[in-house]
Amino acid sequence: MKFLINLLLTATLSVAGSAERLRSGAAERLLMGHIEQNKNEHVRVHQDWSVPTTVYLFLDLHHIINLVEHQQLLEMKIWVFMQYYSADIRWDPEEFAGISALNIPDHTFMWAPDICMYNSVVETAPTIETLRITSEGNVTVSYPQVVTTSCAMNMAAFPFDSQTCHIEMGLWGSDSREVALSWPYHIFPSRAMPLVEYVDNSMWSLVSTSVSEERHASVTSANVFHDKHVYHITLKRNPAFVLLTLVVPTATISAMMLAIFLLPVESGEKISLGITVLLSEIVNLLVLLSMISQSA
């Protein structure tokens, strides 16, 4: 008898849980229908059109993939985060089974700021993009991305050099009267990348990061301005690899050049040793040219 009672209680709880999940799933579908009915993917929605939409933009550096000196390019993986307010997607959680936030895998069905990377050379499309919206109308867009940007390098102190590269991100079409970019001081008080999941690079050490907020005039009109963020990344080269692959061989070849003059002529190996040392120096110079930019 006790076994039957426990079985009935288990079945009742299971049915109740299934019903709750069904209600929750139905509420999500109703909420999606409510959002799609009220959204507008082409128009910026704001309660007061004279006030620009504030977009909190920040990047987080995940990994320095490669710094190509001879092409002056920086390849890296970054995380892009945007937060803004949209007045057309608010709802009452009590009308949708208490759902106060919703994750959507695609943001193309609603308006989003036209953020782009100005100094990108190669920019791959995000492999995954997450859109999280709340019942108050707050929208958070986040996605990982592998980008390659230009980086002007100064090789005067090679191989004990430090390089500062920049990432310029801003609005492409919207001007500052429509969309205003801002650093999220309420999340990160200091103007620096959070570096939550940064992975070290064996060739370059990350010294510091900083962010500056700028506003530049449009190329079409001097009275129109666009906001942009410039992320400064300072890297210091780890010289151990260069010392072992370049400096030590160069010093060895130089010592062998001196040994040519000490080698007796009667040995018969003076000319062949000189040719070998010369070829070694040519190969060493080719390695050096492949590591240093032509404009350095």
Open item on the list: Under 4.5 Å between side-chain heavy atoms, counting indirect links through other Ile/Leu/Val/Met/Phe/Trp/Tyr residues: same cluster for Leu181 and Tyr56 or not?
Closed with: no
TODO: Give, for atom CZ of Arg132 and atom CG of Asn138, the distance between the pair rounded to the nearest 0.5 Å.
DONE: 11.0 Å
TODO: Step by step, work out the salt bridge (Lys or Arg N to Asp or Glu O under 4.0 Å) result for Arg191 and Glu213.
DONE: CA-CA 10 Å; Arg191 291 189 180 184; Glu213 300 177 83; 3.3 Å; yes
Open item on the list: Before you tell me yes or no, could you show the steps for Val147 and Met117 under side chain to side chain contact (heavy atoms under 4.5 Å, CB included), namely the whole-Å CA-CA distance, both residues' side-chain angles and the distance that decides it to 0.1 Å?
Closed with: CA-CA 9 Å; Val147 297; Met117 188 172 296; 4.0 Å; yes
Open item on the list: Would you say the ring centers of His229 and Phe58 fall short of 6.0 Å from each other?
Closed with: no
Task: Considering all heavy atoms, the nearest Asn238-Ser202 contact - done: ND2-O, 2.9 Å
TODO: Would you give the length of the straight line joining atom CE of Met193 to atom OG of Ser208, rounded to the nearest 0.5 angstrom?
DONE: 10.5 Å
- [ ] Determine whether Met169 and Leu57 make a side-chain contact, defined as any pair of heavy atoms from C-beta on separated by less than 4.5 Å.
- [x] yes
Task: Pairwise distance CD(Glu69) to CG(Asn66) - rounded to 0.5 angstrom - done: 7.5 Å
TODO: Indicate the ring-plane relationship of His166 and His232, choosing parallel, tilted or perpendicular according to the 30° and 60° boundaries.
DONE: perpendicular
Open item on the list: The test is salt bridge (Lys or Arg N to Asp or Glu O under 4.0 Å); show your working for Glu197 and Lys77 and say whether it passes.
Closed with: CA-CA 11 Å; Glu197 297 182 358; Lys77 181 181 179 181; over 6 Å; no
Open item on the list: Contact between Met153 and Leu67 at the side-chain level, heavy atoms closer than 4.5 Å - yes or no?
Closed with: yes
TODO: Look at the side-chain heavy atoms of Ile, Leu, Val, Met, Phe, Trp and Tyr, link any pair under 4.5 Å apart, and say whether Val230 and Trp183 land in one connected group.
DONE: no
TODO: Kindly indicate whether the side chain of Asp60, heavy atoms from C-beta on, has any atom under 4.5 Å from the side chain of Val196.
DONE: yes
Task: Any Pro249 side-chain heavy atom under 4.5 Å of Leu244 side chain - done: no
Task: Side-chain heavy atoms of Phe225 within contact of Arg177, under 4.5 Å - done: no
Task: Student check: side-chain heavy atoms of Met155 and Asp161 closer than 4.5 Å - done: yes
Open item on the list: Can you list everything that forms a side chain to side chain contact (heavy atoms under 4.5 Å, CB included) with Leu206? Sequence neighbours excluded, please.
Closed with: Leu61, Leu195, Tyr198, Thr209, Ile233, Leu235
